[in-house]
Asker: 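Can you keep this structure in mind? I'll have questions shortly.
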2 protein chains.
Amino acid sequence: MATPDSRTLILDAAERLFAERGFARTTIKEIGRAAGVNSALLYYYFADKDRLYRAVLQRLVGRLVARTTRRLEATGTPQARLQAFVEAQAEVLIANPNLPRLIVRELAESDAVHAVEQIQHIAATSFRLLCDLVREGQQAGAFRKGVDPRFAAISIVAQVAYFFVARPAIRVILDAAPDGPAPPVVRAYARHAAGFALAALAVPPTGPSAPRSRRKT
Amino acid sequence: MATPDSRTLILDAAERLFAERGFARTTIKEIGRAAGVNSALLYYYFADKDRLYRAVLQRLVGRLVARTTRRLEATGTPQARLQAFVEAQAEVLIANPNLPRLIVRELAESDAVHAVEQIQHIAATSFRLLCDLVREGQQAGAFRKGVDPRFAAISIVAQVAYFFVARPAIRVILDAAPDGPAPPVVRAYARHAAGFALAALAVPPTGPSAPRSRRKT
DNA sequence: GTCTATAGGTGGATAGAC
DNA sequence: GTCTATCCACCTATAGAC
């Protein structure tokens with residue numbers, strides 16, 4: 001608890017408000033009020049509204065990447081690592097509910113106004129590790145070939161990411177509470193998503209009569 | 001080309017700008033300029049900026065739902081219908097590149113500021129049809145049981161939706177042009193996504209003494 | 001239907017006291 | 001470090017001529 005300093009109070013309040021209302025609809029004065037400090041103080045810690053926003057994004061994205069890449073680099077079968085990745089992704093998003101909303105807002109911008117380059121770069125890092133995992137799994141015979149590893153990686157990430165992004169719609173489908181499905185439901189979905197991906201990538205049993213004569217591409 | 005009327009010119013310009021920059025960052029004057037009319041004229045056709053935005057959303061969402069539900073209601077095997085749905089989803093998003101950006105922005109809002117209820121409702125309509133399709137497929141023995149149909153529907157929609165939403169990140173993964181992957185790549189991905197879902201839902205061969213292996217198309 | 005001109009309000013940012 | 005007070009730019013929306 002030890003007295004969070006004003007800078008942290010401001011970052012916390014800004015994170016919440018930016019996630020809820022977006023950058024433009026959030027005013028400096030609102031952030032100051034929510035943080036319990038005077039709005040002029042924001043300019044003591046941050047050069048302007050834009051840099052405050054960047055600082056918020058940086059803090060959040062750092063957490064995400066640290067947690068998910070750690071799982072990907074762990075040892076184990078490709079299947080186990082893939083499952084761990086999907087579940088880690090869900091845990092990070094459960095723990096930081098503001099993250100998906102903010103990232104999605106950034107992704108929706110076509111011009112690189114704010115921190116898109118940063119997100120692109122980091123997304124690429126985490127993403128590429130996942131691509132490699134799929135590729136390695138294919139070479140090791142754990143995943144079926146004939147699936148583009150990049151496409152597979154997109155499919156895998158998409159399942160969980162979309163679940164959080166489309167929360168208002170998901171809520172309707174699952175008859176969940178106003179603020180979205182409870183963590184146990186989210187975890188159940190994450191397990192489903194991992195299973196869905198593993199089933200999609202599973203090596204098909206070679207038919208009893210014509211196993212090896214057919215060779216696909 | 002028969003002289004698009006001012007109202008349509010305004011809607012077109014507004015759609016593009018809202019999608020590119022978001023609601024708040026787009027000014028009435030910019031829209032007027034882009035439409036080639038005076039900004040005061042917007043208030044002749046629309047009560048205020050908010051209602052203009054709603055009109056833009058309505059036009060777009062209408063197209064999306066019309067196209068995708070039509071595919072779901074078509075006849076055929078569950079597998080064929082699912083595939084048609086996924087590819088139709090991709091086609092609509094290719095044809096209306098502004099749609100995913102706008103919808104995503106709406107979904108990111110936590111308070112129902114603009115047209116979230118509408119999107120929720122329509123998403124639920126389209127979504128529920130997909131749930132039903134999966135459920136029917138399971139009962140007919142075409143899809144494996146033990147997968148929650150609602151979860152499966154989310155996984156299916158997520159793959160294509162996320163592809164468009166996360167365009168800036170996808171671009172990096174696929175080494176695509178600045179304005180995203182070309183339509184042929186998108187279609188290839190859509191086929192992958194359909195295949196990924198069908199493989200994930202395929203009925204596993206029952207045990208070693210089972211009927212001969214199934215080959216999906 | 002379309003324009004000019006402008007009122008009215010809000011928000012980001014700064015100056016400077018304490 | 002934190003606050004009060006305020007400036008200035010900009011944007012929505014309206015009044016009213018043509």
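Every value quoted in this text rests on a predicted model; they were computed, and no experiment measured them. Chain letters run A, B, ... following the sequence lines, proteins first, then strands; residues in each count from 1.
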Asker: Between D:dA13 atom P and B:Y43 atom OH, what is the distance in whole Å?
Answerer: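 About 4 Å, once rounded to whole Å.
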Asker: I'd like a list of close polar pairs between nucleotides 1-4 of chain D and the protein, N/O only, cut-off under 3.5 Å.
Answerer:
from	atom 1	to	atom 2	distance (Å)
D:dT2	OP1	A:S6	OG	3.1
D:dT2	OP2	A:S6	OG	3.3
D:dT2	OP2	A:Y45	OH	2.7
D:dC3	OP2	A:N38	N	2.9
D:dT4	OP2	A:N38	ND2	2.9

Asker: Expressed as a whole number of angstroms, how long is the span from B:I28:CD1 to C:dA5:C1'?
Answerer: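 Distance check: B:I28 CD1 to C:dA5 C1' gives 17 Å.
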Asker: Please report the distance, rounded to the nearest Å, between CZ in A:R51 and C1' in C:dA13.
Answerer: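 My rounded result for the distance is 14 Å.
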Asker: Sequence neighbours left out, what pairs pass salt bridge (Lys or Arg N to Asp or Glu O under 4.0 Å) with at least one residue falling in residues 121-130 of chain B?
Answerer: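 Listed once each, the pairs would be none.
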Asker: Under the salt bridge (charged side-chain N to carboxylate O under 4.0 Å, His left out) rule, collect the residues that match up with B:R59, sequence neighbours excluded.
Answerer: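 Counting only residues at least two positions away or on another chain, B:R59 forms a salt bridge (charged side-chain N to carboxylate O under 4.0 Å, His left out) with B:D12, B:E15.
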Asker: Output the rounded distance in Å from CZ (B:F46) to P (D:dT12).
Answerer: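 Whole-Å distance recorded here is 15 Å.
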Asker: Report the distance from atom CZ of A:R21 to atom P of C:dG11, rounded to the nearest whole Å.
Answerer: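 Going from CZ in A:R21 over to P in C:dG11 covers 11 Å.
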Asker: Compare side-chain N and O positions of A:K29 against OP1 and OP2 of C:dG11 and report whether any pair is under 4.0 Å apart.
Answerer: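 For C:dG11, OP1/OP2 do not have a side-chain N/O of A:K29 under 4.0 Å.
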Asker: How long is the line joining CG of A:D48 and P of C:dG11, in whole Å?
Answerer: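 Atom-to-atom, A:D48 to C:dG11, this comes out as 18 Å.
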Asker: Who passes side chain to side chain contact (heavy atoms under 4.5 Å, CB included) against A:Q83, sequence neighbours left out?
Answerer: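 A:Q83: side chain to side chain contact (heavy atoms under 4.5 Å, CB included) contacts with A:E87, A:A194, A:L198.
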Asker: Can you list everything that forms a side-chain hydrogen bond (donor to acceptor under 3.5 Å, both in side chains) with A:Q89? Sequence neighbours excluded, please.
Answerer: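 Residues passing side-chain hydrogen bond (donor to acceptor under 3.5 Å, both in side chains) with A:Q89: none at all.
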Asker: Rounded to the nearest Å, what distance is computed from the CZ atom of residue A:R25 to the P atom of nucleotide D:dC11?
Answerer: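 So the CZ-P distance, A:R25 to D:dC11, works out to 16 Å.
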Asker: Expressed as a whole number of angstroms, how long is the span from A:Y53:OH to C:dG12:C1'?
Answerer: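 The distance from OH of A:Y53 to C1' of C:dG12 comes to 17 Å, rounded to the nearest Å.
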Asker: Kindly list each side-chain donor-acceptor pair under 3.5 angstrom involving residues 29-41 of chain B, sequence neighbours excluded, with atom names and distances?
Answerer:
from	atom 1	to	atom 2	distance (Å)
B:E30	OE1	B:R21	NH1	3.2
B:E30	OE1	B:T27	N	3.1
B:E30	OE2	B:R21	NH1	2.6
B:N38	OD1	B:A40	N	2.8

Asker: Is the ring pair A:F196/B:F196 parallel, tilted or perpendicular, if the boundaries are 30 and 60 degrees?
Answerer: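 Judged by the thresholds at 30° and 60°, the geometry between A:F196 and B:F196 is tilted.
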